[in-house]
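Structure record follows, encoded as C-alpha cells.
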4 protein chains.
Amino acid sequence: MSGKEEKRAEILKAAARVFVEYGFDGAKIEDIAKAAGIGKGTVYEYFESKTDLFREMLRNSVEEYRQALAEKIAQGRDIREKILNCSQYSTRFLSENLDMLEMAWQASTLMSKETRTWLIEEKLSIFRLLEDMVKDGVARAELRQGLEPELAVFSILGTIHQYYGKKVFLDEAAPEKLDHEAVVDVILNGLK
Amino acid sequence: MSGKEEKRAEILKAAARVFVEYGFDGAKIEDIAKAAGIGKGTVYEYFESKTDLFREMLRNSVEEYRQALAEKIAQGRDIREKILNCSQYSTRFLSENLDMLEMAWQASTLMSKETRTWLIEEKLSIFRLLEDMVKDGVARAELRQGLEPELAVFSILGTIHQYYGKKVFLDEAAPEKLDHEAVVDVILNGLK
Amino acid sequence: MSGKEEKRAEILKAAARVFVEYGFDGAKIEDIAKAAGIGKGTVYEYFESKTDLFREMLRNSVEEYRQALAEKIAQGRDIREKILNCSQYSTRFLSENLDMLEMAWQASTLMSKETRTWLIEEKLSIFRLLEDMVKDGVARAELRQGLEPELAVFSILGTIHQYYGKKVFLDEAAPEKLDHEAVVDVILNGLK
Amino acid sequence: MSGKEEKRAEILKAAARVFVEYGFDGAKIEDIAKAAGIGKGTVYEYFESKTDLFREMLRNSVEEYRQALAEKIAQGRDIREKILNCSQYSTRFLSENLDMLEMAWQASTLMSKETRTWLIEEKLSIFRLLEDMVKDGVARAELRQGLEPELAVFSILGTIHQYYGKKVFLDEAAPEKLDHEAVVDVILNGLK
DNA sequence: GATGAATGAGCGTTCATTCAT
DNA sequence: AATGAATGAACGCTCATTCAT
C-alpha cells in the first residue's frame, strides 16, 4: 500500500514546519509527532533518529526547491522573465520554508560527510542551474558579452534573498506585495 | 575598576567563538568558560543566563560590525571604493564570525521582544548606513539618477554575501584570494 | 488440534535460545518471534506477557532437565556410572542452555510468589533426585555409611558445575573433551 | 581532598546493593543515586555511564573477594582450616553480595573485551589461589599424592557454593547456622 | 569575587503491548 | 488466528543553573 509512503511524507512535512520554527535543537520529536497527528514512537518507525529525520527533511525540501526552480527557469521566455520567475518562486518558497536554507548551513555538523557532500552538491547544482541560465542569456545576447556567469549568479541569488529578507522579515510585508520587477531591474542594470 | 568590564568583554569574545562554532544549543557554558580561561560559575557573575549571554554577544558582534562598516564606508573616496571596502570588510568579518548573522535569525525565538526589536533596529541601521552611502553616490552622480536606494542595498549586501558563501564555504577558497573588484563591477554594471 | 500446542512449544524453544543469549531484558519479543518464524503479535496469542513467556520457558527447560537427569540416573548401573551420567548430561545441557539456571536466580524478581515457589520446588526436586541416588548408593554400600545425603549432593552438583564453568567458559574447552571420569573420582574419593 | 574518592566508593557500594537486588537492567540510575543519598546527575560526575559504573562495581567487588580469600587461606594453619575459612568467608561474602558472581557471567555482553579479559583473569586468579593452596597441601602430605589440583578446586568451590545456594537461598537458613565442618568433611573424604 | 561539585528538569530513544485489519 | 503498525511509559544521559566553600 502507498499508505506507508504517504505517512512518511506527512511526517517530513510536519518536521519541516517544526524544525523551521524552532531550529534543530529546539524542535522536540514529540512536537513533530503531534504536528503530524501521530504518537512519538511512530516517528521512529519511519526514521532512525532525529538527525536522520532532519537530513531527510532537508533533502526533501532542497530537492523540491531545486526542481521547481529549474521548471520556473524553463518557463521564462527571456532572461528577464526567467529571473523574475526565480525571484517570485524563491520568495514564495522562502516564506513557506522560512530559513530552511539557513538551517542547512547551521546544521552541517549534524550531517555525515556523505550527506554534507550531497547537500553541497545540491547547492552547487542550484548555482549551476542559474549559471546555465546566465550562459544561455549571454549566448542569446540578452546579457553582455564577457559577463562572468558565477558573479552573475551571486548578484541574482543574493539580491533576491536580501530583498526577501528585508521586506518580509524586517518590514513584514506580505509576500504578494513584493515588487519583483524592480529587483530584476537592479540586477540587470546595476547601480550606475 | 575596569577589570570587571574587561573580563566581561573577554567572556563575550569567548562566547562569540564558541557559539559560532557550535551553535546556540551545541555551545556549553563550560566550553565558553574554558575558552575564557575562567570557571563555569564565574560566567554567571557576569551574565544572568545562557540566553542572556547569547543576546549580549550578539549585540556586541553586530555593533562591532556596524561600526566598522561605517568606518570603512567613510574611508572610501568614491562609491566604487566604498563598496569595495564593504565587500572586503564583510568577507573578513563573516569568515571570523561565520554564520553569526544567520544565527541571529535562527535564534530569534530566544530573544525577548525588546531584544528582537533591537536586533531588527540594528540590522535596519546597517541597511540605512548603506542606503545613505547609495544616496550620497546618487547625489554625487556616481550612481544613476532614479536609483531606488533600498534596491541598491539588496544588490550590494546580497551579492557580497552570496559571493562569500559560495567561494569560502562551498569552494573553500582562502578569504584573501577573493576578487572583490569583480564583485563590485557586477554590482555597479549589472548583468546587461 | 495439536497444532496449537506445537506452536506454543516452538515459541518456547525460540524463547529459550533468545533469552539465554541476551538475558531477560536484552531479549526483545520481536527477536523471539522472528526466531520462531512468526509475527510479533502472535506471541501474545500464546502468552500473556514477556514475563509470562519467560516463566513458561523456564518451567519448560527446568522440567526437561529434571526429567532427563532422572532418566540418566536410572540408566546407570552403579553409583559411579550414575554420577558419570549426571556429569555428562549436565555438561551437555548447560552448554546448550548456557546460564539458564543462573538466570533463574537473577530473574526471581520477575516471578510471582507462586512461580518462585514452583521453581524452588523444582530445584528441590532435582536435589531430591540426587539425594535418592545417594541414599540408594549408601544402601547398596557403594557409598560409605553415615554419609549425609544432602552434603553429598552439594559435592556432586557443585563439582560438576564448577568443572563445566571453568573448562568450557574460562578455558573454552570443547564440551566433548571433558574428562568426566576424573571429576567422578574426586567426588567419590575426596581430596585426602 | 579525599572526599572525592570517598564519595566514589560510596556510590560503588550503593551500586553493588542495587545492581545485586534488581540486576543490571532492573537497576535504575536514579535508584542507585537515591541509595547513595545523592542526585541522579552526580553519579555521572564519577562514572561515565551505567555500564561503566557496573564494571567498576564488579571490579571492586571481585577484587575485595579475592584479597580477603587470600588472607583467609593464609590464616589457616592446615588444609582443613584453610578450606574451612574459605567456606565461612565465601558464605558470608555471597550472602552480602548475593549473586554478584552470577551477574558477572550474565553481564559479560556489557563488557569491553578488555574488561571481560580482566574479569576472566580475576576469576582464574581465584582458581589459582586455591590451586596453590591444594599444591601446598599435597606437598605437606595433608592431601593425597597425585591429586589433580584443578579438580580439587572444582570440588572445593563447587561444594561450598552449592551448599550456600541450597541452605541460604532455598532453605532460607541463617548464614551463621551453616555447618561448615561437614562441608569440609565431604570435600576431604569424598562420598565413598 | 571565583569556583566547580551537585542537582534535576528535560529529551531522545527503546520496546512491550495493543488492536484494526 | 495472525499480523505488524502504532503507541507511550520509562529510562539513560546532558547540561544550565545553583550554592557552599
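Since the structure is predicted, the reported quantities are computational estimates derived from the model, not experimental observations. Letters A, B, ... are given to chains in the order of the sequence lines, protein chains preceding strands, and every chain is numbered from 1.
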First of Gly37(A) and Val43(C) reached from the 5' end of DNA chain F, by closest nucleotide: Val43(C)
Point-to-point distance, once rounded to the nearest 0.5 Å, from NZ of Lys7(D) to CD1 of Ile38(D):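 Going from NZ on Lys7(D) over to CD1 on Ile38(D), the span is 6.0 Å.
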Check salt bridge (Lys or Arg N to Asp or Glu O under 4.0 Å) between [X] and all other residues, then give those that pass, not counting sequence neighbours.
{"X": "Lys34(A)", "result": "none"}
{"X": "Lys13(B)", "result": "Glu64(B)"}
{"X": "Glu10(B)", "result": "none"}
{"X": "Arg17(B)", "result": "none"}

Please enumerate all residues that pass side chain to side chain contact (heavy atoms under 4.5 Å, CB included) together with [X], with sequence neighbours excluded.
{"X": "Asp52(C)", "value": "Phe47(C), Glu48(C), Ser49(C), Arg55(C), Glu56(C)"}
{"X": "Tyr44(A)", "value": "Ile29(A)"}
{"X": "Glu45(B)", "value": "none"}

Which of parallel (below 30°), tilted (30 to 60°) and perpendicular (above 60°) describes Phe24(B) and Phe19(B)?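 Parallel: the ring planes of Phe24(B) and Phe19(B) meet at under 30°.
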Residues passing the side chain to side chain donor-acceptor pair (under 3.5 Å) test with Glu63(D), sequence neighbours excluded, are Arg66(D), Gln67(D)
Can you pull every protein N or O that's under 3.5 Å from an N or O on nucleotides 12-16 of chain E?
residue : atom : partner  : partner atom : Å
dG12(E) : OP1  : Ala27(A) : O            : 3.3
dG12(E) : OP1  : Lys50(A) : NZ           : 2.6
dG12(E) : OP2  : Ile29(A) : N            : 3.2
dT13(E) : OP2  : Tyr44(A) : OH           : 2.5
dT13(E) : OP2  : Lys50(A) : N            : 2.8
dT13(E) : O5'  : Tyr44(A) : OH           : 3.4
dT13(E) : O4   : Lys40(A) : NZ           : 2.8
dA16(E) : OP1  : Ala27(C) : O            : 3.4
dA16(E) : OP1  : Lys50(C) : NZ           : 2.9
dA16(E) : OP2  : Ile29(C) : N            : 3.0

Classify Phe47(C) by what it touches in the nucleic acid, base, sugar-phosphate, or nothing, heavy-atom distance under 4.0 Å.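 Counting heavy atoms under 4.0 Å across all strands, no contact is made by Phe47(C).
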Terminal contacting nucleotides, 5' and 3', DNA chain F versus chain A (heavy atom, 4.0 Å): dA6(F) to dA10(F)
What does the 5'-to-3' dot-bracket notation of DNA chain E look like when only Watson-Crick and G-U wobble pairs under 3.5 Å count, and pairs to other strands show as |? .||||||||||||||||||||
